[in-house]
Student: 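Have a look at this one.
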Amino acid sequence: CRRFVSDNPSNSLVQSAADVFIAQKFAPDQLTQVVRHILRSEEFRTTWGEKIKRPLEIFISAFRAVQANYPMTIDHNDSNRLVSAYNRMGQELFRWNAPDGYPDTKTPWESSVSILKRWRMLSWMVEERDEDIFHVDTLGQTPPHLNTANDLADFWIQRLLGRELDQNSRQIIVDYMALDSDGPEAELDMTNDRVQGRLRTMVALIMQSPDFNWR
């Protein structure tokens, strides 16, 4: 319940999950039934934003969402710099001395320093390249018929979040993409280096939003 719902789940949910665990003690899918019970609960449906992704989770979810193409070998400088940026977020692999693992609660990961480090890592991820080849091909992953700030923002918001942003947050993303243009419906020159750079930054901004960081 703490993993999926909130750091302080209700006693009633904990008890009902425990009841399922005991009732299904001989079932081959006992734990599956317990998890299913939790994920179908009203508490799970109504507590979005109560959990935050830990550094490893934000790293992996971002890596997958933008289809990052880093070789991740020890002889690749960009991959090494990306791993260094990840390590600075505070969850280096196998470096937690106590046997209980890294904290799975919000407080240790939502300080201003921790958030700043993840912002920097996400910006780094989309900007690194080998010569002229970006490890995250934001332009190549954008449908070629999309060339307005509105369309570009909506495509990448849906691509990264799988849902709509609230209107105020969406407008911030659109306004940024529309800078130096004639408005959010103006056609942008997607061959222009500055427009492509703004597209990469827009993608990073969406991943830096609270919505992408919630779990």
Side-chain angles (χ1 to χ4, degrees), residues 1-66 68 83 85-123 125 154 156-173 203-215:
C1 294
R2 185 177 297 119
R3 171 70 177 173
F4 290 113
V5 178
S6 72
D7 293 346
N8 298 290
S10 67
N11 291 333
S12 60
L13 179 61
V14 174
Q15 184 59 56
S16 63
D19 292 342
V20 173
F21 181 86
I22 295 171
Q24 301 300 324
K25 62 182 178 180
F26 297 118
D29 62 343
Q30 177 196 30
L31 295 181
T32 299
Q33 293 192 45
V34 173
V35 173
R36 183 183 295 119
H37 172 80
I38 295 169
L39 298 183
R40 287 179 171 176
S41 68
E42 181 68 18
E43 288 92 335
F44 179 78
R45 291 194 296 270
T46 59
T47 51
W48 179 242
E50 288 296 314
K51 300 293 290 186
I52 189 174
K53 293 176 183 176
R54 294 185 293 182
L56 181 61
E57 293 163 338
I58 193 72
F59 180 85
I60 296 300
S61 60
F63 208 88
R64 289 172 172 171
V66 297
V83 171
Y86 162 76
N87 288 338
R88 286 193 288 272
M89 291 192 291
Q91 196 183 359
E92 292 185 68
L93 298 181
F94 310 112
R95 292 298 182 92
W96 188 258
N97 292 326
D100 56 348
Y102 283 98
D104 190 29
T105 53
K106 289 178 65 175
T107 303
W109 309 113
E110 62 180 358
S111 70
S112 56
V113 172
S114 179
I115 297 298
L116 177 61
K117 296 298 184 183
R118 66 176 62 197
W119 285 352
R120 287 180 174 174
M121 186 276 296
L122 293 168
S123 293
M125 180 180 290
D154 287 339
W156 278 102
I157 288 170
Q158 185 64 37
R159 166 72 179 274
L160 297 173
L161 303 179
R163 62 186 183 281
E164 296 180 355
L165 266 178
D166 68 88
Q167 190 56 42
N168 289 337
S169 298
R170 176 190 176 277
Q171 195 61 51
I172 292 171
I173 301 298
V203 169
L205 286 173
I206 297 170
M207 292 192 294
Q208 291 164 347
S209 69
D211 294 70
F212 190 81
N213 283 261
W214 287 333
R215 193 185 75 199

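Heads up: numbering here begins at 1 and tracks the sequence.
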Student: Which heavy atom in K106 sits nearest to a heavy atom in G49, and how many Å separate them?
Tutor: NZ-O, 3.5 Å
Student: Of all heavy-atom pairs between I52 and E57, which one has the smallest distance, and what is that distance?
Tutor: O-OE1, 4.2 Å
Student: Step by step, would you call S10 with S12 a side chain to side chain donor-acceptor pair (under 3.5 Å)?
Tutor: CA-CA 5 Å; S10 67; S12 60; 3.2 Å; yes
Student: Would the distance check show the side chain of S123 and the main-chain N or O of R120 forming a donor-acceptor pair, the cut-off being under 3.5 Å?
Tutor: no
Student: For the CG atom of L13 and the CZ atom of F4, what is their distance to the nearest 0.5 Å?
Tutor: 11.5 Å
Student: Enter the distance from S111:OG to L116:CG here, rounded to the nearest 0.5 Å.
Tutor: 9.5 Å
Student: Of the non-hydrogen atoms in D7 and R2, which two are nearest, and what is the gap between them?
Tutor: O-NE, 3.5 Å
Student: Who pairs with F21 by ring pair (Phe, Tyr, Trp, His ring centres under 6.0 Å), at least two apart in sequence or on another chain?
Tutor: none
Student: For R163, give me all partners under side chain to side chain contact (heavy atoms under 4.5 Å, CB included), at least two apart in sequence or on another chain.
Tutor: W48, L161, D211
Student: Go through it in stages, so that I can follow the logic: the residues are R118 and I58, the test is side-chain contact (heavy atoms from CB on, under 4.5 Å), and I'd like the CA-CA distance, side-chain angles, deciding distance and then a yes or no.
Tutor: CA-CA 8 Å; R118 66 176 62 197; I58 193 72; 4.0 Å; yes
Student: Please assess M89 against S114 for the test side-chain contact (heavy atoms from CB on, under 4.5 Å), listing each intermediate value before the final yes or no.
Tutor: CA-CA 6 Å; M89 291 192 291; S114 179; 5.8 Å; no
Student: Does CD in E164 sit with more than 12 non-hydrogen atoms of other residues, nucleotides or ligands closer than 6.0 Å?
Tutor: no
Student: What distance separates S6 OG from F44 CZ, expressed to the nearest 0.5 Å?
Tutor: 11.5 Å
Student: Checking D104 now: which residues fulfil side chain to side chain contact (heavy atoms under 4.5 Å, CB included) with it, not counting sequence neighbours?
Tutor: R3, K51, R54, R215
Student: For F59, give me all partners under ring pair (Phe, Tyr, Trp, His ring centres under 6.0 Å), at least two apart in sequence or on another chain.
Tutor: F63, Y86
Student: Would a 4.5 Å heavy-atom cut-off, applied to side chains only, mark S16 and H37 as touching?
Tutor: yes
Student: Return the OG to CZ distance between S41 and R36, rounded to the nearest 0.5 Å.
Tutor: 13.5 Å
Student: In the structure I gave you, are the side-chain heavy atoms of R88 and P55 within less than 4.5 Å of one another anywhere?
Tutor: no
Student: Are the side chain of T47 and the backbone N or O of E50 linked by a donor-acceptor pair below 3.5 Å?
Tutor: no
Student: Take atom CG of D100 as the centre, draw a 6.0 Å sphere, and report whether it contains more than 12 heavy atoms from other residues, nucleotides or ligands.
Tutor: yes
Student: Begin with the C-alpha distance, continue with both residues' side-chain angles, and end with the deciding distance and a verdict on side-chain contact (heavy atoms from CB on, under 4.5 Å) for R170 and D154.
Tutor: CA-CA 8 Å; R170 176 190 176 277; D154 287 339; 2.7 Å; yes
Student: Provide the closest heavy-atom pair for R45 versus R40 in the form atom of the first, atom of the second, distance.
Tutor: NH1-O, 2.6 Å
Student: I'd like to know whether Q91 forms a side-chain contact (heavy atoms from CB on, under 4.5 Å) with W109, so could you lay out the CA-CA distance, the side-chain angles of the two residues, the decisive distance to 0.1 Å, and finally the verdict.
Tutor: CA-CA 10 Å; Q91 196 183 359; W109 309 113; 4.1 Å; yes
Student: Could you walk me through whether S169 and D166 pass side chain to side chain donor-acceptor pair (under 3.5 Å), step by step?
Tutor: CA-CA 6 Å; S169 298; D166 68 88; 2.7 Å; yes
Student: Can you name the residues that form a side chain to side chain contact (heavy atoms under 4.5 Å, CB included) with A65, not counting sequence neighbours?
Tutor: L160, F212
Student: Give, for atom CD1 of I173 and atom OG of S209, the distance between the pair rounded to the nearest 0.5 Å.
Tutor: 7.0 Å
Student: Nearest 0.5 Å please: distance from the CD atom of Q24 over to the CZ atom of F26.
Tutor: 11.0 Å
Student: Where is the tightest heavy-atom contact between A62 and L122, given as atom of each residue plus distance?
Tutor: CB-CD2, 3.4 Å
Student: Scan for ring-ring contact (aromatic ring centres under 6.0 Å, His included) pairs involving residues 88-108, sequence neighbours excluded, and state none if there are none.
Tutor: W96-Y102
Student: Would you sort out whether D19 and Q15 count as a side chain to side chain donor-acceptor pair (under 3.5 Å), showing the intermediate values?
Tutor: CA-CA 6 Å; D19 292 342; Q15 184 59 56; 2.9 Å; yes
